[in-house]
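Worksheet: the structure to be examined is printed underneath.
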Amino acid sequence: MLEILAAELKEAIRVKRDIQGVGRQLGQVAGAGIRLGDDCAAIPDGQGYLLLAAEAMWPVLVEQEPWLAGWCSIQVNVNDIYAMGGHPIAVVDALWGESGEQIQPLLEGMAACARVYNVPIVGGHTNARSPYNALSVAILGRATRLISSFQAQDQDILLMAVDLRGKPHPRYLFWDASRGVDPEQLRGDLEVLPQLAEAGLCDCGKDISMGGVVGTLLMLLETSGCGAVVDLPQIPAPEGIPLARWLCSFPSYGFILSVRPHQVAQVQPYFAARGLTCAPIGRIQIDRQLILRLKEEELVFWDLSHTPLTGFSAHG
């Protein structure tokens with residue numbers, strides 16, 4: 001069973017390997033001291049960091065559910081800022097549509113989400129005479145202390161923090177725990193991340209992206225130059241959703257944290273106080289293999305010492 005599951009997970013993250021070509025071409029023009037591979041570019045700025053990130057929306061979502069695409073374009077960027085221990089400042093968008101009518105639901109979804117997370121949309125680019133519909137959004141934020149995917153250490157405990165108070169999308173691998181929820185609750189839930197960073201309780205983590213739990217963890221391991229052992233049954237999951245589907249899903253609130261063992265008992269109550277789930281799912285190891293365990297089965301899911309994923313690594 002584990003081999004079949006691993007094959008499904010590898011297919012789900014296959015597109016992440018396309019990033020290698022981008023890194024080879026553009027890595028040389030990144031500014032000094034700015035590491036590629038985090039959820040945001042962290043740009044040193046006085047006593048802290050400016051955070052800069054961007055996301056393009058899945059074309060299928062733009063065409064079939066444009067309001068949701070607009071909502072998600074803001075949400076995923078906001079998550080990236082908080083994932084690095086920061087606070088969002090503002091977003092800009094680049095929007096292409098076949099007509100004004102076509103782009104209207106995209107704009108409505110963006111505006112709704114921006115109001116919920118209290119993040120202003122301050123500009124961008126709009127073309128309502130395009131031969132296709134497309135949307136991308138960039139965000140600026142600021143952090144005092146960083147949560148970075150480059151900081152995992154041997155024997156760290158891997159924690160998964162997730163909001164299970166949601167529901168699955170009927171067609172897409174999306175766990176929605178945000179729409180219709182009190183905005184103050186959503187903003188307060190995200191505040192946990194900068195609180196942990198500024199308290200010195202967590203310096204390593206990553207927002208769970210479209211690669212799902214395992215894909216996101218693999219990217220964190222690659223940038224940190226290490227490996228991990230993960231016990232799949234320990235991964236928090238909603239009732240009634242098959243394991244393979246859940247492991248490939250994108251949750252509206254979901255983070256992987258790599259925490260020093262002596263700080264785990266201090267970190268978990270931050271999430272519990274907000275009604276969020278935070279559970280240990282594995283442990284960091286020096287060997288650069290990601291090992292998955294499922295009951296009595298165990299296999300090497302990925303060996304980063306031989307096969308890169310994104311190409312962004314502490315080992316160069």
Inset, instruction - Mind running side-chain contact (heavy atoms from CB on, under 4.5 Å) on L243 and L247 for me, showing each step along the way? - result: CA-CA 6 Å; L243 180 61; L247 293 179; 3.8 Å; yes

On a heavy-atom basis, which atom in [X] and which in [Y] lie closest, and how many Å separate them?
X	Y	answer
A83	K206	CB-C, 4.5 Å
D231	P233	OD1-CD, 2.9 Å
E222	G311	OE2-N, 3.0 Å
G215	I13	CA-CG2, 3.5 Å

Inset, instruction - Might you work through the side-chain contact (heavy atoms from CB on, under 4.5 Å) test for V192 and R274, ending with a clear yes or no? - result: CA-CA 9 Å; V192 172; R274 307 273 329 158; 3.9 Å; yes

Quick one: salt bridge (charged side-chain N to carboxylate O under 4.0 Å, His left out) partners of [X], sequence neighbours excluded?
X	answer
E65	R171
D207	none
E298	R293

Legend entry - Between S178 and Q75: side-chain donor-acceptor atoms closer than 3.5 Å: yes

Legend entry - Between D154 and Q285: side-chain donor-acceptor atoms closer than 3.5 Å: no

Indicate every side-chain donor-acceptor pair of residues 155-164 with a distance under 3.5 Å to a residue at least two apart or in another chain.
residue	atom	partner	partner atom	Å
Q155	OE1	R283	NH1	3.4
D156	OD1	R260	NE	2.7
D156	OD2	Q153	N	3.0
D156	OD2	S258	OG	2.8
D156	OD2	R260	NE	3.4
D156	OD2	R260	NH2	2.8
D163	OD1	R165	N	2.9
D163	OD1	R165	NE	2.8
D163	OD2	R165	NH2	3.3

Legend entry - Electrostatic pair D203-R145, nearest N-O below 4.0 angstrom: no

Inset, instruction - For residues 234-253, pull every pair meeting salt bridge (charged side-chain N to carboxylate O under 4.0 Å, His left out), keeping only residues two or more places apart or in separate chains. - result: none

Legend entry - Pairs flagged by salt bridge (charged side-chain N to carboxylate O under 4.0 Å, His left out) wherever residues 119-143 is involved - sequence neighbours left out: D45-R142

What donor-acceptor contacts under 3.5 angstrom involve side-chain atoms of residues 102-114, with partners at least two apart or in another chain?
residue	atom	partner	partner atom	Å
Q102	NE2	E98	OE1	3.1
Q104	NE2	E108	OE2	3.4

Selection [range] - residue pairs positive for ring-ring contact (aromatic ring centres under 6.0 Å, His included), sequence neighbours left out:
range	answer
residues 42-65	W58-Y172
residues 267-308	none
residues 216-267	F174-F250, W175-W246, Y253-F255
residues 199-225	none

Inset, instruction - Quickly, which of L146, I81, L52, N77 forms a side-chain contact (heavy atoms from CB on, under 4.5 Å) with C40? Name it, please. - result: I81

Inset, instruction - Check which hydrophobic residues are tied to I291 through side-chain heavy-atom contacts below 4.5 Å, counting indirect links as well, and list them. - result: V229, V300

Legend entry - K10, NZ: over 12 other non-hydrogen atoms inside 6.0 angstrom: yes

Inset, instruction - Starting at OG of S73, measure out to CG of L135 and round the result to the nearest 0.5 Å. - result: 4.5 Å

Inset, instruction - Nearest 0.5 Å please: distance from the OG atom of S252 over to the NE2 atom of H169. - result: 12.5 Å

